[in-house]
**Student:** 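My questions will all concern the structure given below.
Chain letters run A, B, ... following the sequence lines, proteins first, then strands; residues in each count from 1. Scope of the values below: all heavy atoms of this structure, side chains included, with no hydrogens, waters or symmetry mates.
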Amino acid sequence: MPETKLKVELPDGSELELESGATGADAAAAIGPGLAKAALALKVDGELRDLSAPLAGGETIEIVTDRSPEALELVRHDAAHVLAEAVLDIWPGAKISIGPPIESGFYYDIEFPEGEAPGPEDLERIEERMREHISADEPFERRELPVAEAVEHFREEGQDYKVELIEDLQRDEGASTVTLYRNGAFEDLCRGPHGPSTGRIGAFKLTSLAGAYWRGDETRQMLTRVYGTAFLDRKALAAHLEMLEQAKERDHRKLGPELDLFRFRPESPGMPFWLPNGSVLLELMQEEVRGQLRKRGYREIRTPEVLDEELWHRSGHWDNYKENMFFVESEDRRFALKPMNCPGACLVFGSTRHSYRELPLRLAEFGKVFRNEREGVLHGLLRVRSFTQDDAHVYCTEDQVTGECVDIIEAIDELYARFGFDDVRLELSTRPQKSIGSAEQWERAEAALRGALESAGRDYQLNPGDGAFYGPKIDFHVTDALGRSWQLGTCQLDFFMPERFELGYTGADNAEHRPVMIHRALLGSMERFAGILIEHHGGRLPLWLAPVQATVLPVADRHNDAASEIAAELREAGLRVGIDERSESVGRKIRDAELAKAPYMLVVGDREQEAGVVSVRSHEGGDLGQMKPGELAARLAAESR
RNA sequence: GCCCGGGUAGCACAAUUGGUAGUGCACCGACCUUGUAAGUCGGACAGUGCGGGUUCGAGUCCCGCCCCGGGCUCCA
């Protein structure tokens, strides 16, 4: 007989002796009753398993509890199963497909019987049913089944999507068996693992309904996706819902019109109308970018928005981007609105001869581009049909690439910090399957970008195969005040375009050479960046970006003249100042200024008029007492830096 | 493009089983002359996204279109 004991190693390096045939749950119990109770799953040599999984001995195990980082994913996956269970209770004819945990919760894609698709009001009904299953604390039970039996099983139940999944698994991964998990009367095809029972789902909520194609393929069946979120306890759920509420409050689509920054009109879906305040904001952002351009030797160009269709054949956009372009016709000539600025920049470069002495030649353009995005994907300022890129194209030699990219990384760091984003993440994307150029060329290009990242001393994430077909790239991401991540700037190498446009420069050897082109954008889209800024700051932009930095509030009509003088003096000092001359009470004017998110309010009444001062109130600090206009201007100027 | 939900005054919302479209804020006018988040009174403003249909009668029901919102692999 083999030995009756087995040994496993624990994360702290100690050994645990167990009876042979012991499971993860036994291991947890052997360590302590508290842990046994808290245990959700097991990690065997770093791989997540069910608690009920038998141990072989010799492996390193870790008990996953509600405090483990994996716990959320586990519980959400459990919740997805309970969701499917509840749906099948209510709609026995429903066909379920997949139901994974996702970043913010979980979902399940389901085909409901014809004409019985649920509405938002049905979510509560499903939730109620789910709660019943959770309080019943149904254990998750795993079993393994040969593929043929599993297919038979799901075919009998009319679960066609499961049958398809299993058949695909067999074909693509050579699976001979699949695993099923049962909770209550419900059994689902699932890789697992799962928590011990449904009772461990601390708190959940179904959040929304959406359509989703089976396997994301728009030629296939449209399913109903039920979204939900789950947490280990009520408090965490409440915090998450609170965060969503906050995000709603900060939504730039709500704040933009409220603060008179921009608005949308049906006359031009996906193209914003910028109001005076919003124009000021864009202008300030642009000035900040221009500061970087001046500092780093970029020169600004402007190229046409409308260009002959032929150009887009030459640039390759016709083949790759035609569906997203707008076209216009005039006098039998077909033109396209530019979706990108690079061809224009290449025409500028190519229209004169260049010497190696001019390189790197850095041409920047605040270029307005037009992209005919499908209607359904438009989303406020974040996904539009026209926007302004703070674009630039650097023409240089291969040797110069690293230096240029370091410079771009620095520019982005400085710029993002200035706008209040400290957490910048870099990603390097390398050669994709479909690409042009030689292997050596790619190797050198990727090495140049890696070199830039290293000499800038930056950590980065590698995305192999995620580059553009014409060259590798570095993307820049920031995290906003609500913890959401946004991709902003980009720095891409391009071997393709200089080739296509037959660009050249005369080298020191008096021969013609092909320059390398770097596309780079710092903020990306000015409009999109403005939208992200608005959400990041909750509409309360930092003083230097506030379209109106201070509002002068005369106490009574007789103070209007004095107030105008103050306003004029502050404007003279370069501040953006408004004035509220309505015959309203001070309280009212303050309220309205606060709602307009004015950083400073300057009250002028008898006392101030006499002393030649203003009473200053800031949103943050409340009443700051009296100041002379000059003092105030200096203070605000200092704060704006 | 597709699925689900929505569209009533500038904005937020209301309108029994189909039965004369309302309220608040904003706006305009008058009064008040105001001291750190809403002063008082009065007035004007939509024919219900657009087009058709059913009906004695449609914001409510039906059809088509437009726009807005949530989504459309984070793959058992």
**Student:** U33(B) phosphate, OP1 or OP2: any side-chain N/O from Ser583(A) under 4.0 angstrom?
**Tutor:** no
**Student:** Between Tyr108(A) and A76(B), is there a side-chain N or O to OP1/OP2 distance below 4.0 Å?
**Tutor:** no
**Student:** Determine the Euclidean distance between corresponding C1' atoms of U36(B) and G49(B); express it in Å to zero decimal places.
**Tutor:** 43 Å
**Student:** Counting only side-chain N and O atoms of Arg191(A), is one of them less than 4.0 Å from OP1 or OP2 of A76(B)?
**Tutor:** yes
**Student:** Paired with G59(B): which nucleotide, if any, by Watson-Crick or G-U wobble criteria at under 3.5 Å for both distances?
**Tutor:** none
**Student:** Give Gly587(A) one of three labels, base, sugar-phosphate or nothing, depending on what nucleic acid heavy atoms sit under 4.0 Å from its own.
**Tutor:** sugar-phosphate
**Student:** In terms of ring plane angle, is the pair His252(A) and Phe262(A) parallel, tilted or perpendicular, where the classes change at 30° and 60°?
**Tutor:** tilted
**Student:** On a whole-Å scale, what distance lies between the P atoms belonging to G42(B) and A58(B)?
**Tutor:** 34 Å
**Student:** With a 3.5 angstrom cut-off on both distances, give the Watson-Crick or G-U wobble partner of G39(B), or none if there isn't one.
**Tutor:** C31(B)
**Student:** Mind calculating the distance between CZ (Arg385(A)) and P (C68(B)) to the nearest angstrom?
**Tutor:** 8 Å
**Student:** Within the structure shown, what part of the strands sits under 4.0 Å from Glu258(A) by heavy-atom distance: base, sugar-phosphate, or nothing?
**Tutor:** nothing
**Student:** Please give the distance between the C1' atoms of U60(B) and U16(B) as a whole number of Å.
**Tutor:** 12 Å
**Student:** Using a heavy-atom cut-off of under 4.0 Å over every strand shown, decide if Arg607(A) touches base, sugar-phosphate, or nothing.
**Tutor:** base
**Student:** Under 3.5 Å for both donor-acceptor distances, Watson-Crick or wobble: does G1(B) have a partner, and if so which one?
**Tutor:** C72(B)
**Student:** Provide, to the nearest angstrom, the distance between the CZ atom belonging to Arg143(A) and the C1' atom belonging to A76(B).
**Tutor:** 15 Å
**Student:** Taking only N and O in the side chain of Arg253(A), is any of them less than 4.0 Å away from OP1 or OP2 of G70(B)?
**Tutor:** yes
**Student:** Regarding Ile102(A), tell me which of base, sugar-phosphate or nothing describes its non-hydrogen contacts under 4.0 Å with the strands shown.
**Tutor:** base
**Student:** When the C1' atoms of A21(B) and C74(B) are considered, how many whole Å apart are they?
**Tutor:** 47 Å
**Student:** Taking for each residue the nucleotide of RNA chain B with the nearest heavy atom, is it Pro269(A) or Glu103(A) whose nucleotide lies nearer the 5' end?
**Tutor:** Pro269(A)
**Student:** Determine the interatomic distance between P on C13(B) and the same-named atom on U17(B); round to the nearest Å.
**Tutor:** 22 Å
**Student:** Any strand is fair game: report the nucleotide pairing with G64(B) by Watson-Crick or G-U wobble, both distances under 3.5 Å, or none.
**Tutor:** C50(B)
**Student:** May I ask you to verify whether the side chain of Tyr213(A) and the base of G1(B) hold a donor-acceptor pair under 3.5 Å?
**Tutor:** yes
**Student:** Judged by modelled atom types alone, do Ser485(A) and Arg425(A) share a side-chain donor-acceptor pair under 3.5 Å?
**Tutor:** yes
**Student:** Measure the distance from CD1 on Ile590(A) to C1' on G39(B) and round it to the nearest whole Å.
**Tutor:** 15 Å
**Student:** Pick base, sugar-phosphate or nothing for Phe264(A), based on heavy-atom distances below 4.0 Å to the nucleic acid.
**Tutor:** nothing
**Student:** For His379(A), answer base if it contacts any base atom (sugar-phosphate contacts may also be present), sugar-phosphate if it contacts only those atoms, and nothing otherwise; contact means non-hydrogen atoms under 4.0 Å.
**Tutor:** sugar-phosphate
**Student:** Tell me whether Glu164(A) is salt-bridged to Arg220(A), with the criterion being a basic N under 4.0 Å from an acidic carboxylate O.
**Tutor:** yes
**Student:** Take atom CZ of Arg588(A) and atom P of A37(B), then tell me their distance rounded to the nearest Å.
**Tutor:** 13 Å
**Student:** When all nucleic acid strands are considered with a 4.0 Å heavy-atom cut-off, which category describes Ser615(A): base, sugar-phosphate, or nothing?
**Tutor:** base
**Student:** When the ring planes of Phe186(A) and His81(A) are compared, do they come out parallel, tilted or perpendicular, using 30° and 60° as the limits?
**Tutor:** perpendicular
**Student:** Please give me the minimum heavy-atom distance between Ala94(A) and Leu88(A), naming the atom from each residue.
**Tutor:** O-CD2, 3.4 Å
**Student:** With sugar-phosphate meaning primed atoms plus P, OP1 and OP2, does Asp606(A) contact a base, only sugar-phosphate, or nothing at under 4.0 Å between heavy atoms?
**Tutor:** base
**Student:** With a non-hydrogen cut-off below 4.0 angstrom, is Ala210(A) in contact with a base, only sugar-phosphate, or nothing?
**Tutor:** base
**Student:** Please report, rounded to the nearest Å, how far the C1' atom of G69(B) is from the CZ atom of Arg374(A).
**Tutor:** 18 Å
**Student:** Between A14(B) and C31(B), how many Å separate the two C1' atoms, rounded to a whole number?
**Tutor:** 32 Å
**Student:** Measure centre to centre between the rings of Phe327(A) and Trp318(A), then say whether the value is under 6.0 Å.
**Tutor:** yes
**Student:** Starting at NE2 of His252(A) and ending at C1' of C68(B), how long is that distance when rounded to a whole Å?
**Tutor:** 13 Å
**Student:** Please state how far atom CD in Glu584(A) lies from atom C1' in C31(B), giving the value in whole angstrom units.
**Tutor:** 12 Å
**Student:** So, His194(A) and Asn183(A): side-chain donor and acceptor under 3.5 Å apart, yes or no?
**Tutor:** no
